[in-house]
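Numbered from 1 within each chain, the chains take letters A, B, ... in sequence-line order. Heavy-atom basis, side chains included; hydrogens, waters and symmetry copies ignored.
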Amino acid sequence: MLSLWLPRLATDRIRRLREDTNENLAPLVIYGKRGNADVLTAVDEVAERLGLHSGLALAQARAMHPAIDAIAEDAAANAALLEGIADWCLRYTPLVACDAADGLLLDIGGCAHLYGGEQELVADLGRRIARAGFAYRVAIAGTIGAAHAAARFGEPAAYASGNERDILNPLPLAALRLEPATVASLARVGLKRIGDIIDLPRSPLTARFGVDLLRQLDRARGQEHEPLNPRLPVAPYVAEQRFHEPIAREEDVLGTVEKLAARLGIALERRGDGARRIELTLFRTDGAVRRIAAGTSRPLRDAQDIRALFTERLAALADTIDPGFGFDMARLSVVTAEACPSEQIGIGGEEDAGELVRLVDRLSARLGASRVGRPVSLDSHIPERAAATVPAQIVKADQGWDAFRRHRAETDLAPRPLRLLTRPEPIEALAEVPDGPPLRFRWRRALHDVISAEGPERIEGAWWSEPDAHAADNRARDYFRVEDKSGLRFWLYRSGLYRDLVRGDLANAAPPSWFLHGTFA
Amino acid sequence: MIEDLRQRLRALQKTTGLAPGAAEAQEAIVPFGIAALDDALGGGLARGALHEISAPGEAHLAAATGFALGLASGARNLLWIAEDMALNESGTPYGPGLDLFTLAPERLLTAAVGHRRDLLWAMEEALRCRALGAVIGELRGGALDAVAVRRLSLAAATSGALALLLRAQPADDASTAATRWIVGAAPSTAQTQFGPGAPRFAANLIRNRRGPLGSWILEWRDQDERFILATHAQPVAAPPRHRPHQKVA
């Protein structure tokens, strides 16, 4: 377990923003409201040498050193920066978690040998972090607690698993991630170091200071398991590639994708899986990380297909990929995998379907999965709910149209329009009262004289599912198919019945009104 | 020497499908089954080519849509790409209605795009896919980039799919489309008691690479899934004298 602590995250952020490089800087402090007073929350190295420390009142610090550069704290920006660094740390291991507001935890078990050992990994990490302009401390230990304690309070080093006791003994109790109140009350009875309590009888300690103290101690010593809670789910299949020379051209990126996809394909095939969602992570030389995801409509393992998918994704966001000085590492991970029967070769129809699926994937990658759809039939008699468009990548084999055709044949359903307006549009209509078709109506400022009409087809509202059964758009509708003088055919309806008006039913007091819902060929 | 150059030119034209009549042999032609119409089109509607269909005005768009679907009715799979604006203004394709109009909704794939360039890209991409029989691109106002239209024609020629551009207003931009139509609704043989009759279309062929122009009243026959020439319920209006589309053609 590797713990990375960035003790001056807040001030380093400001320095990086200003691109300060020279040595003779004014002392920089960050302040924020604690209680009712402005208090220093972070100080940089120069300020610390002057004797300023966090917790000091801002007014007092100003009195001591009028020349200090004081900046209001921005917790959200710090958190975002830490997230960015966490993303960047994915280059070392997929298991990265945030640790408090200014640290990270990396599970490097099984990854260190890729860099030639833990020492080399730490050196590489340190070099890059320092070059980015951050003060840092790194410690490796067998448990999360021990690594955390050693990074913040102990000697930064790589400790072997098993001798947590030796690491922890000399460290102050605050290193155990306890409540400040607990630490203070321990100090009041003279217990200052972890070594002071490590051999004390357990039950009096628990009785006096709560269960938390011993649990944290046990966790740090490895006697109780503490799981790491990674920021991102770990992908079941991962392939990555590092470059000696950063790559920047799109073709190179795509070439890398294909190479990595070929490697993933072997692993996928061995377990009989296919990828449903693939993520490409690009690590830029300056530390920025770019994640691009693409979904597929059927389990996929062919490298060419995966490359084609990312070609479209990259084309869709061409202006935002910005390689800067190039990418020095790329990782392709299968986020969601699904069992995939092995490929069948031959049979023309199958091949055609495959081609269609590939087209759907390409279009979805470029336009967005929700914008490429297939119509499905739904079990509703209300026209706008009787059909919907479902993303083509997730649509089921049975789209319900056979059932619709049976229903139409059985009930002798009146014709439905070719195009349905997204919202019925109100029209002014002149019609026979109570149930006659409109004789003349005005839609979008044009007057239409009805020559012939078919109807009415009465469609009642869904009183059983609506919370307010008397809502205006839930009234009974009488649909008419009409043709006007020039041959245009419309689907109109009258919302509400005159019958209700005559009865004087108060809830339905609004007079019936006319709408245009669709157009026929 | 000159003869040699001419031959090379002809060969070049043949590969790009530009020479009138040159690529006819390879292209599949779908006859309408209406002698007058098929004669004008040189046998029928050419697949593997781009055809433009405009409605004479917004209100007639459903009729133009029906005409386009009628042309594409033979396709096993059909992709309908439309700009968001078009869908919001004129309504989305409605499954139950399509089913009635001989297009089984299972065969339909839809795509909504926000930009004109996405529409053209998606159409071109789809036309290169051999699994699709027809691609309909629906767009709203504005001129089309001639180069992009040219690319669509070429893409259609490579796969043999039917490419249809559907517009709500007639456009007068230059185009390499094989045919250009203005299609509106025509009064059906309506009997007032029994409601509207079978849909009729006033189809006006205003540009044709292979032959003469003309206008016809067509009626869609549900049972046969094809158009027939309607008996003229009303005298057919003569084509307008002023036709700006033809100036650039």
Side-chain angles (χ1 to χ4, degrees), chain A residues 312 315 351-360 362-363 366-367 370-377 383 386-389 392 399 401 404-405 408 413 415-422 443-444 446 448 451-455 480-491 517-521, chain B residues 58-67 69-70 76-77 79 81 84 87-101 104-106 108-114 118 121-122 125-126 128-132 184-188 190-197 199-202 220:
Chain A
E312 297 316 333
E351 212 164 286
D352 245 22
E355 189 142 341
L356 201 58
V357 160
R358 275 193 282 276
L359 176 73
V360 166
R362 275 203 304 278
L363 293 178
R366 172 84 163 251
L367 305 172
S370 63
R371 302 180 62 86
V372 181
R374 276 185 180 282
V376 295
S377 172
T389 302
Q399 293 166 234
W401 293 108
F404 168 76
R405 277 179 215 115
R408 191 181 66 196
L413 196 69
R416 291 285 182 259
L418 212 49
R419 310 187 69 142
L420 195 74
L421 295 176
T422 29
W443 175 53
R444 294 186 181 170
H448 300 272
I451 295 294
S452 70
E454 181 185 352
F480 292 92
R481 187 163 74 108
V482 304
E483 179 173 322
D484 82 347
K485 220 188 254 172
S486 55
L488 297 168
R489 283 163 281 256
F490 301 102
W491 208 34
H517 205 174
T519 46
F520 292 89
Chain B
E58 171 70 50
H60 288 269
L61 186 62
T65 308
F67 184 72
L69 290 177
R76 194 147 40 89
N77 285 306
L79 174 64
I81 311 165
D84 288 337
L87 294 178
N88 291 338
E89 275 286 303
S90 316
T92 49
Y94 186 52
L98 296 174
D99 193 58
L100 220 63
F101 206 81
E106 291 96 335
L108 179 72
L109 202 63
T110 60
V113 297
D118 283 343
W121 169 84
E125 197 73 13
R128 293 189 194 288
C129 173
R130 276 174 290 122
L132 287 175
S188 65
Q191 287 135 337
T192 331
Q193 293 95 337
F194 304 111
R200 286 194 170 183
F201 305 90
W220 177 255

statement: Scanning both residues in full, the closest heavy-atom pair of B:G95 with A:W401 reads CA-CH2, 3.4 Å
- request: Using a strict 4.0 Å threshold on nitrogen-to-oxygen distance, state whether B:E58 and A:R419 make a salt bridge.
  value: no
- prompt: Taking C-beta and beyond as the side chain, do A:T422 and B:L87 meet within less than 4.5 Å on heavy atoms?
  reply: no
message: With a 4.5 Å cut-off on side-chain heavy atoms, are A:L367 and B:D118 touching?
response: yes
message: With rounding to the nearest 0.5 angstrom, report the OG to CZ distance, B:S188 to A:R489.
response: 5.5 Å
message: Does any backbone or side-chain atom of A:T389 lie under 4.5 Å from a heavy atom of chain B? Answer side chain, backbone, both or neither.
response: side chain
- prompt: Is chain A contacted by the side chain of B:F67, its backbone, both, or neither, given a heavy-atom distance below 4.5 Å?
  reply: neither
task: Check whether any side-chain N or O of B:E106 sits under 3.5 Å from a backbone N or O of A:Q399 as a donor-acceptor pair, and report yes or no.
output: no
field: Donor-acceptor contact present, side-chain B:Y94 to main-chain A:P383, <3.5 Å
entry: yes
query: Quick one: are B:P199 and A:F520 in side-chain contact, heavy atoms under 4.5 Å?
result: no
message: Please classify the contact of B:A64 with chain A as side chain, backbone, both or neither, using a heavy-atom distance under 4.5 Å.
response: neither
- line: Counting heavy-atom pairs under 4.5 Å with chain A, the top scorer among B:A59, B:A112, B:A111, B:G184 is B:A112
query: Would B:D99 and A:R408 pass as an ion pair if we require N to O under 4.0 Å?
result: yes
statement: Comparing A:S370, A:P415, A:G373, A:A387 against chain B, the one with the most heavy-atom pairs below 4.5 Å turns out to be A:G373
task: Under the side chain to side chain contact (heavy atoms under 4.5 Å, CB included) rule, what do B:T92 and A:L421 come out as? Steps first, then yes or no, please.
output: CA-CA 6 Å; B:T92 49; A:L421 295 176; over 6 Å; no
- prompt: Side chain, backbone, both or neither: which part of B:A126 has an atom under 4.5 Å from a heavy atom of chain A?
  reply: both
query: Tell me, side chain or backbone of B:I81 under 4.5 Å from chain A's heavy atoms, or both, or neither?
result: neither
Closest heavy-atom pair and its distance - A:R405, B:A104: NH2-CB, 3.6 Å
task: Compare every heavy atom of A:R371 with every heavy atom of B:G114, then report the nearest pair and how far apart it is.
output: N-NH2, 3.5 Å
message: Once rounded to the nearest 0.5 Å, what's the spacing between atom NE2 of B:H60 and atom CG of A:L488?
response: 4.5 Å
message: Can a donor-acceptor pair be found, under 3.5 Å and without considering hydrogens, that links the side chain of B:R130 to the backbone of A:E355?
response: no
message: Under a 4.5 Å cutoff for heavy-atom pairs, which residue among B:A185, B:G66, B:A202 has the most contacts with chain A?
response: B:A185
- line: When the 4.5 angstrom heavy-atom criterion is applied to B:W121 and chain A, the contacting part is side chain
- request: Please tell me if the side chains of B:L108 and A:R374 come closer than 4.5 Å, counting only heavy atoms from C-beta onward.
  value: no
- prompt: Between B:A62 and A:L418, which heavy-atom pair has the shortest distance, and what is it?
  reply: O-CD2, 3.9 Å
- prompt: Side chains of B:P187 and A:E483: closer than 4.5 Å at any heavy-atom pair?
  reply: yes
Under 4.5 Å from any heavy atom of chain B - which part of A:V376: neither
message: With side chain to side chain contact (heavy atoms under 4.5 Å, CB included) as the criterion, how do A:V372 and B:T110 come out once you've worked through the C-alpha distance, each side chain's angles and the decisive distance to 0.1 Å?
response: CA-CA 6 Å; A:V372 181; B:T110 60; over 6 Å; no
- prompt: In terms of heavy-atom pairs under 4.5 Å, which option from B:L69, B:L61, B:D84 contacts chain A the most?
  reply: B:D84
